[in-house]
Amino acid sequence: MKYLVRDKIFAIGDDYWIEDEEGRHAFLVDGKALRLRDTLELKDPDGQVLITLRQKMFSLRDTMTIERDERPLATVRRKRLSLLRNHYRVTLVEGTELDVSGRILDREFAVEYEGELLAHISRQWFHVRETYAVNVVREDSDAALLVAVAVCVIRMAERERED
């Protein structure tokens, strides 16, 4: 399943829809303005919060947490000892680790678990510059989580570039 993301709006306070392959609204990314820390909510079309992304305060490295039902689900941080600047590690609360690597700022990267591709993020399917897709490869994958991971690492890479 591919999810279409229009890339232009990544500022806090801006909301934007992520569509499925059929052009239907699949997820709403709701940027929460006037918060002490960077916060985004991923909602379903009915407005139910599926996942919350929060910048972790007082962290030595740039870190974001992913929460579901107000409970921690995962922590995302740039991999420390990587030769690749665009390599992130997603650690789920039960200990599972996902690797995110590729050209994050170019929107060309992959999310893998133990070498198995879970999602491929790419602009190659679109002619519009500000658009990319999150292609969830495995049908049994948590699509909302993988979309949240993509949004999260792009946000972190853009903040890092600004610093």
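For clarity, every value in this text was computed on a predicted model and none was experimentally measured. All heavy atoms count here, side chains included; hydrogens, waters and symmetry mates do not.
- Every residue meeting the ring-ring contact (aromatic ring centres under 6.0 Å, His included) condition with F27, not counting sequence neighbours, appears here in chain and number order: Y3.
- Cluster membership for M1 and V111, using ILVMFWY side-chain heavy atoms within less than 4.5 angstrom, is shared.
- Here the straight-line distance linking atom CZ of R54 with atom CD of E41 works out to 7.5 Å at 0.5 Å rounding.
- Atom-to-atom distance recorded for L98:CG and S141:OG is 9.0 Å, nearest 0.5 angstrom.
- Side-chain contact between T65 and P72: absent, with no pair of heavy atoms (C-beta onward) separated by less than 4.5 Å.
- The shortest distance between side-chain heavy atoms of Y88 and I104 falls below 4.5 Å.
- The structure places CZ of R71 at 15.0 Å from CD1 of I66, a figure rounded to the nearest 0.5 Å.
- In this structure the side chain of E97 never reaches within 4.5 angstrom of the side chain of L92, judged on heavy atoms.
- The side-chain heavy atoms of V137 and L118, taken from C-beta on, include no pair separated by under 4.5 Å.
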| said: If you apply the rule side chain to side chain contact (heavy atoms under 4.5 Å, CB included), what do you find for M156 with V76, and how did you get there? | reply: CA-CA 9 Å; M156 292 172 72; V76 181; 3.7 Å; yes
| task | Walk me through it: do L28 and D15 pass the test side chain to side chain contact (heavy atoms under 4.5 Å, CB included)? | result | CA-CA 7 Å; L28 174 67; D15 302 341; 4.1 Å; yes
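- Remark: T75 OG1 to M64 CE distance equals 11.0 Å, nearest 0.5 Å.
- When all heavy atoms of L117 and R138 are compared, the pair lying nearest together is O-CG, 4.1 Å.
- Taken from OH in Y113 to OG1 in T96, the straight-line distance is 5.0 Å, to the nearest 0.5 Å.
- For E94, the CD atom counts as densely surrounded, since its 6.0 Å shell holds more than 12 non-hydrogen atoms of other residues, nucleotides or ligands.
- Nearest heavy-atom pair, A144 versus L42, reported as atom, atom and distance to 0.1 Å: O-CD2, 3.4 Å.
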Let me have the donor-acceptor pairs involving side chains of residues 43-52, under 3.5 Å, with sequence neighbours excluded, atom names and distances please.
{"from": "K43", "atom 1": "NZ", "to": "D30", "atom 2": "OD2", "distance (Å)": "2.8"}
{"from": "D44", "atom 1": "OD1", "to": "D46", "atom 2": "N", "distance (Å)": "2.9"}
{"from": "D44", "atom 1": "OD1", "to": "G47", "atom 2": "N", "distance (Å)": "3.0"}
{"from": "D44", "atom 1": "OD1", "to": "Q48", "atom 2": "N", "distance (Å)": "2.9"}

| query | Stepwise, does the salt bridge (charged side-chain N to carboxylate O under 4.0 Å, His left out) test hold for D106 with R123? | reply | CA-CA 8 Å; D106 291 335; R123 281 192 170 138; 5.6 Å; no
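- Using a 4.0 Å cut-off between charged side-chain N and carboxylate O, R24 and E19 make no salt bridge.
- You'll find the side chain of D99 reaches within 4.5 Å of the side chain of R89, heavy atoms only.
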| task | Would you check, one step at a time, whether the test side chain to side chain contact (heavy atoms under 4.5 Å, CB included) holds for L4 with I18? | result | CA-CA 6 Å; L4 174 70; I18 296 174; 5.8 Å; no
| said: Could you go through L53 and V151, starting from their C-alpha distance and side-chain angles, then the distance that decides it, and tell me whether this counts as side chain to side chain contact (heavy atoms under 4.5 Å, CB included)? | reply: CA-CA 9 Å; L53 306 170; V151 169; 4.0 Å; yes
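- A 4.5 Å side-chain heavy-atom check between L73 and E67 finds every atom pair outside the cut-off.
- Note: L40 CG to R155 CZ = 5.5 Å, rounded to the nearest 0.5 Å.
- No side-chain heavy atom of H87 sits less than 4.5 Å from a side-chain heavy atom of V100.
- In this structure, the side chain of R107 engages the main chain of L105 through a donor-acceptor pair within 3.5 Å.
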